[in-house]
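These figures come from a predicted structure and were not determined experimentally.
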Amino acid sequence: MPHAVWSGAISFGLVTIPCRVTAATEDHSIKFHQYHLEDQGRIRTRKYCEIEEREVSAEEIGKGYEVSKDTLVAISDEDLADLPLPTAKAIEIVAFVPYSDIESTPSASGRATTSSRTAE
């Protein structure tokens with residue numbers, strides 16, 4: 001089953017319908033790896049602290065906003081979760097389309113899915 005891009009609910013007054021939005025297409029792009037030309041060793045991205053001049057683990061890494069070159073404001077996951085985002089779990093329905101305008105397309109699992117051809 002495809003990974004949900006968004007999950008939430010659509011509300012019509014007192015009726016709430018849970019729903020998930022998945023990608024309508026599959027990713028068919030080719031992904032390349034970087035490698036060392038001399039011995040074909042894989043090149044990896046390392047998390048490196050510029051001040052201590054050493055690699056750091058994921059537990060030692062935080063998020064922050066750089067206000068100026070010398071000022072960084074630390075932001076935690078709790079800070080981000082507390083932000084008032086009214087549209088984070090809501091979809092505004094602007095129009096309905098006739099069922100005949102919805103075409104069926106096969107998914108990766110072989111089951112037919114529907115996607116709208118026009119959205120006006």
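- Within the structure, salt bridge (charged side-chain N to carboxylate O under 4.0 Å, His left out) pairs that include any residue of residues 45-56 comprise Arg46-Glu55, Glu52-Arg54, Arg54-Glu60 (at least two apart or interchain).
- Under the side-chain contact (heavy atoms from CB on, under 4.5 Å) criterion, Ser68 pairs with Thr71, not counting sequence neighbours.
- The hydrophobic clustering, which links ILVMFWY residues whose side-chain heavy atoms are closer than 4.5 Å, places Phe96 and Val15 together.
- For Tyr65, the OH atom sits in a loose shell: 12 or fewer heavy atoms of surrounding residues, nucleotides or ligands are nearer than 6.0 Å.
- Listed by chain and residue number, Tyr35 satisfy the side-chain contact (heavy atoms from CB on, under 4.5 Å) test with Gln40 (two or more places apart in sequence, or in another chain).
- Side-chain contacts under 4.5 Å among hydrophobic residues (ILVMFWY), followed directly or transitively, place Ile51 with no other residue at all.
- Thr16 contributes atom OG1, which lies 10.0 Å from atom CD1 of Ile10 (distance to the nearest 0.5 angstrom).
- Residue pairs satisfying the salt bridge (charged side-chain N to carboxylate O under 4.0 Å, His left out) criterion with at least one member in residues 61-80, sequence neighbours excluded, are listed as follows: Lys63-Asp77.
- Residue Phe32 is found in a hydrophobic cluster whose other members, listed by chain and number, are Ile30; membership requires side-chain heavy atoms under 4.5 Å apart, directly or through intermediates.
- Residue Val56 belongs to a hydrophobic cluster whose other members are Ile61, with links defined by side-chain heavy atoms closer than 4.5 Å.
- In this structure Thr45 satisfies the side-chain contact (heavy atoms from CB on, under 4.5 Å) test with no other residue, sequence neighbours excluded.
- Put simply, the side chain of Leu72 does not reach to within 4.5 Å of the side chain of Val67, judged on heavy atoms.
- Val5 belongs to no hydrophobic cluster with other residues, because no ILVMFWY side-chain heavy atom falls under 4.5 Å from its own, directly or through intermediates.
- Judged as a side-chain contact (heavy atoms from CB on, under 4.5 Å), and not counting sequence neighbours, the contacts of His33 are Arg42.
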